[in-house]
2 protein chains.
Amino acid sequence: MKDLVSRCPIEEVMRVLSGRWPTLLIYYLKEGTKRFSELQRDNPTVSHRMLSLELRKLEQAGIVERTVFDGYPLRVEYDLTRAGLDLVPLIDALGDWWTETDTARVIVSNEKA
Amino acid sequence: MKDLVSRCPIEEVMRVLSGRWPTLLIYYLKEGTKRFSELQRDNPTVSHRMLSLELRKLEQAGIVERTVFDGYPLRVEYDLTRAGLDLVPLIDALGDWWTETDTARVIVSNEKA
DNA sequence: TGTAAATTACGCACTTTTTTGTAACCCTGG
DNA sequence: CCAGGGTTACAAAAAAGTGCGTAATTTACA
């Protein structure tokens, strides 16, 4: 589902999750089903081109499921897959880690001052 | 320890971990102390400019500690900090997640074939 | 009644911005 | 002149933003 050039799974995950958007999109999608335009509203700074490309990448990685409803105007819905849902706590853990280490750094600089 | 433009910790971690090198360097550094040239040998495809830049980024993020030993030729050692060590299992978990979902995808395509 | 406009989720071409690579230079003692 | 661990300037490549076009139906309005 992707050209696996490397043998290292970490390298491969990071190829999918790297960049500004993938984790953010997962973050918003964990609230539930979202349409393209909702994701745009959730994150106004992403261009529709990027949103489209990133969603496609996440879909190919098996993280996001895309459902098209025929009719006009067209309607497309995005959900996290099972695998995508499993990924959520791992990403949250990274966020928590960051918050903790950031606090630690503040304490250290207080001691020095 | 970094210009925190966003409020979202996930966005901030990913700014540090995004790209090909950060997780790889952490991966090699978890084996223990490494010198610049050792890291180059561990990963021959990284240019020394990138290695330098990425190590500096990880240092500023509080993940890596840099120790300079005076004397010639110069000697510089890199270690994971406490925070860096804490990060290791989180990154490993991502790798495991990838391996699992990849297997799942293979099974699915077998069923379809 | 005719028609223009809006709607949704993009694709495509083009431009700008950011990231990465290449190569050359620095320092100092042996 | 080498080693080790860089830095800096310049070039190439990759990623991201901009804006137009498209589909078929509904609504807006003269």
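In what follows, chains are A, B, ... by sequence order, proteins preceding strands, each numbered from 1.
- Within residues 36-52 of chain A, the residues having any heavy atom under 4.0 Å from DNA chain D are, by residue number, A:Thr45, A:Ser47, A:His48, A:Arg49, A:Met50.
- For the side-chain contact (heavy atoms from CB on, under 4.5 Å) test with B:Lys34, the passing option among B:Asp79, B:Val64, B:Leu29 is B:Leu29; the others fail.
- For the pair A:Tyr72 OH and D:dA23 P, the computed distance is 9 Å after rounding to whole Å.
- A:Arg66 has a side-chain polar atom (N or O) that falls below the 4.0 Å cut-off from OP1 or OP2 of C:dC10.
- Direction of the helix axis in the helix from C:dT1-D:dA30 to C:dG30-D:dC1 shifts by 50° between the two five-pair termini, rounded to 10°.
- Taking side-chain N and O atoms only, B:Arg20 has no distance below 4.0 Å to OP1 or OP2 of C:dT19.
- Where B:Ser18 and A:Leu55 meet DNA chain C, the nucleotide closest to each residue was compared, and A:Leu55 sits on the side nearer the 5' end.
- A side-chain donor-acceptor contact under 3.5 Å links B:Thr45 and B:Asn43.
- The distance from atom CG of A:Leu74 to atom C1' of D:dT25 is 12 Å, rounded to the nearest whole Å.
- In this entry the distance linking CZ of A:Arg75 with P of D:dA24 reads 19 Å, nearest Å.
- Between the NZ atom of B:Lys34 and the P atom of D:dG4 there is a distance of 16 Å, given to the nearest Å.
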Can you name the atoms? Protein N/O to nucleotides 11-14 of chain D N/O, anything below 3.5 Å, with the distance.
none

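- In this structure, B:Trp21 CH2 and B:Glu54 CD are separated by 8.5 Å, a value rounded to the nearest 0.5 Å.
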